[in-house]
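Remember, predicted model here, so these are calculated numbers, not experimental data.
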Amino acid sequence: MTDQSFVTLSTNDSYAKGALVLGSSLKKHRTTKTLTVLITPQVSESMRKVLKEIFDEVIMVDILDSRDSAHLTLMQRPELGVTLTKLHCWSLTQYSKCVFMDADTMVLTNIDELFEREELSAAPDPGWPDCFNSGVFVYQPSIETYNQLLHLASEQGSFDGGDQGLLNTYFSNWATTDIKKHLPFIYNLSSTSTYSYLPAFKMFGVNTKVVHFLGRIKPWNYTYNPKTKSVSSDIHDPTMINTEFLNLWWEIFTVNILPLLLQFGIVKDTSTALNKLSGLTYTLAFSCGFCRKEEVTDAISRMSIGHLNPPSQPFESSNKRKERWEQGQADYMGEDSFDNIQRKLDTYLQ
Ligand code: UDP
Ligand code: GLC
Ligand code: MN
């Protein structure tokens with residue numbers, strides 16, 4: 001344990017899978033830093049136990065949500081209001097310096113040298129390079145900064161509805177003042193950049209140190225085949241032309257995380273964990289007539305996610321549940337789990 005820590009965040013069991021792979025990748029590459037995960041009460045008890053197996057510290061914080069649907073809709077990511085919860089990372093004053101990493105990142109090598117950098121160091125955002133991407137950043141915990149950030153959030157809000165807009169407003173001189181605070185892009189290579197500038201990726205991609213699965217579709221939404229060690233290619237994601245990083249994410253997940261999820265009863269069988277059956281359930285869901293095909297395909301194309309489990313009660317579901325579904329937030333460990341869907345299907349098939 002040192003007074004320096006990698007810090008990540010998970011507000012639910014899905015992102016926790018990402019956090020576990022990230023933590024595991026940091027360990028695999030022998031970090032000497034403490035590993036901390038911030039969680040909120042929505043993370044299940046069993047998942048907290050699994051997180052404790054990988055992280056040195058599992059710290060409960062309360063949800064901070066911008067509820068700023070106008071700006072979040074502009075970004076087409078209505079679910080990201082809760083990312084303001086990230087701000088809690090400044091309150092970890094037991095550490096003198098930290099590196100925050102999104103739960104959808106993974107390291108390919110040891111990156112402890114980042115602790116030589118100062119607040120606020122980050123890599124450019126691929127969509128607007130004069131802003132930094134807040135998926136990986138070096139910072140110094142401080143209650144003063146924490147309070148100022150909260151104050152700014154309540155006074156002005158965030159221009160993207162999430163943490164990145166707010167942090168770029170607060171650390172507004174990042175773009176111009178000190179080049180040492182610009183992390184090389186290889187410390188936060190967004191998976192979408194491989195398609196938007198393929199020649200650069202071919203040239204520099206081999207040096208990648210951190211992969212960031214930025215965007216609505218996350219590695220844990222794919223179906224994986226452990227025999228071929230590859231994700232299924234039928235998911236509709238035109239930005240994903242390079243599946244090498246995804247396959248690596250899944251390899252870490254199946255080798256290091258899945259056994260823990262099975263041990264703590266979070267998943268009951270390997271097929272469910274590999275999302276193998278969700279495609280089948282989806283087909284059955286409309287083939288046995290309890291929802292129209294167009295409704296399912298429409299909802300799924302709006303989510304751009306082919307392998308999330310379908311809603312268990314498409315006609316009877318509450319508006320809130322429908323809304324959650326349409327935001328791509330299927331609770332597939334809980335209410336929308338395969339078991340529940342299967343039970344519903346069974347009642348139709350009897
Ligand atoms: N996050 C979370 N729960 C959510 C959404 C986001 O815990 O429902 C956390 C998680 O650490 C995630 C980060 O906030 O990696 C930023 O969100 P995301 O990675 O989805 O944004 P993107 O990088 O795709 O823009
Ligand atoms: C960005 C970042 C992510 C952040 C989100 C909301 O896309 O990658 O870390 O949470 O914007 O501001
Ligand atoms: Mn991210």
Side-chain angles (χ1 to χ4, degrees), residues 6-9 15 17-31 33 75 77 80 83 86 98-117 120-139 160 162-164 167-168 174-175 179-222 229-231 235 237-253 304:
F6 283 103
V7 178
T8 189
L9 162 70
Y15 277 93
K17 291 186 193 173
L20 288 164
V21 169
L22 167 64
S24 185
S25 70
L26 284 161
K27 282 186 151 172
K28 178 175 165 194
H29 295 290
R30 302 187 182 285
T31 179
K33 312 297 176 186
M75 204 164 46
R77 299 292 301 277
L80 291 189
T83 63
K86 225 187 248 187
C98 297
V99 173
F100 181 90
M101 300 185 76
D102 267 9
D104 60 344
T105 61
M106 170 181 83
V107 306
L108 305 182
T109 180
N110 186 294
I111 54 164
D112 286 359
E113 71 274 11
L114 281 183
F115 288 83
E116 289 159 23
R117 306 262 179 166
L120 184 288
S121 295
D125 184 83
W128 196 267
D130 285 342
C131 287
F132 59 83
N133 181 274
S134 63
V136 176
F137 59 87
V138 184
Y139 74 99
D160 70 4
D163 62 290
Q164 181 163 306
L167 292 175
N168 272 277
W174 172 85
I179 195 67
K180 288 204 286 300
K181 293 186 179 175
H182 281 226
L183 295 182
F185 198 56
I186 52 171
Y187 283 100
N188 185 352
L189 183 113
S190 66
S191 36
T192 51
S193 314
T194 60
Y195 100 108
S196 48
Y197 195 4
L198 187 58
F201 178 67
K202 288 223 159 101
M203 181 72 187
F204 305 113
V206 304
N207 303 321
T208 304
K209 289 174 188 273
V210 180
V211 183
H212 185 180
F213 296 98
L214 189 147
R216 262 191 301 180
I217 307 174
K218 300 302 184 195
W220 51 89
N221 298 133
Y222 284 78
K229 295 195 171 189
S230 58
V231 292
I235 196 163
D237 181 4
T239 67
M240 192 57 73
I241 55 166
N242 185 302
T243 53
E244 201 188 312
F245 296 137
L246 268 179
N247 294 342
L248 182 61
W249 187 96
W250 270 97
E251 196 177 336
I252 298 178
F253 180 77
S304 308

Shortest non-hydrogen contact from [X] toward [Y]:
X: Ala175; Y: Asp130; answer: CB-O, 3.4 Å
X: Val21; Y: Ile252; answer: CG1-CG2, 3.9 Å
X: Val138; Y: Arg117; answer: CG1-O, 3.6 Å
X: Asn247; Y: Ser230; answer: OD1-CA, 3.3 Å
X: Met75; Y: Asp160; answer: CE-O, 3.4 Å
X: Thr8; Y: Ala19; answer: CG2-CB, 4.0 Å

Atom [atom1] in [X], atom [atom2] in [Y]: separation rounded to 0.5 Å?
X: Trp250; Y: Leu248; atom1: CH2; atom2: CG; value: 13.0 Å
X: Ile217; Y: Asp104; atom1: CD1; atom2: CG; value: 12.5 Å
X: Lys28; Y: Thr109; atom1: NZ; atom2: OG1; value: 10.5 Å
X: Ser190; Y: Asp125; atom1: OG; atom2: CG; value: 7.5 Å
X: Phe245; Y: Thr208; atom1: CZ; atom2: OG1; value: 4.5 Å

Close side-chain approach of [X] to [Y], heavy-atom, < 4.5 Å:
X: Ile111; Y: Met101; value: yes
X: Phe132; Y: Leu183; value: no
X: Phe204; Y: Leu189; value: no
X: Pro126; Y: Phe185; value: yes

*Describe, in one word, how the ring planes of Phe253 and Trp249 are oriented to each other, choosing from parallel (under 30°), tilted (30 to 60°) and perpendicular (over 60°).*
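Aromatic pair Phe253/Trp249 classed parallel.
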_Once you measure the plane-to-plane angle for Phe137 and Phe100, does it fall in the parallel (<30°), tilted (30-60°) or perpendicular (>60°) bin?_
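Ring orientation of Phe137 relative to Phe100: parallel.
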_Side-chain donor-acceptor contact under 3.5 Å, Thr83 with Asp163_ = yes
Heavy-atom donor-acceptor pair, [X] side chain to [Y] backbone, under 3.5 Å:
X: His182; Y: Trp174; result: yes
X: Ser191; Y: His212; result: yes
X: Asp112; Y: Thr31; result: no

_Residues which pass side chain to side chain contact (heavy atoms under 4.5 Å, CB included) with Ile186, listed by chain and number, not counting sequence neighbours_ =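 If we apply the side chain to side chain contact (heavy atoms under 4.5 Å, CB included) test to Ile186, skipping adjacent residues, the hits are Pro184, Asn207, Lys209.
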*side-chain contact (heavy atoms from CB on, under 4.5 Å) between Leu167 and Leu120, intermediate numbers included*: CA-CA 9 Å; Leu167 292 175; Leu120 184 288; 6.0 Å; no
*Scan Val107, Val211, Leu108 and name whichever one has a side-chain contact (heavy atoms from CB on, under 4.5 Å) with Ser25.*
Val107
*Identify, with sequence neighbours excluded, every residue that meets ring pair (Phe, Tyr, Trp, His ring centres under 6.0 Å) alongside Tyr187.*
none
_Listed partners of Glu251 passing salt bridge (Lys or Arg N to Asp or Glu O under 4.0 Å), at least two apart_ =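 Partners of Glu251 under the salt bridge (Lys or Arg N to Asp or Glu O under 4.0 Å) test: Lys229.
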*Is the Phe6-Phe115 ring centre distance short of 6.0 angstrom?*
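Judged by ring-centre distance (under 6.0 Å), Phe6 and Phe115 do meet the cut-off.
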_Between Lys86 and Asp102, does any side-chain N to carboxylate O distance fall below 4.0 Å?_
yes
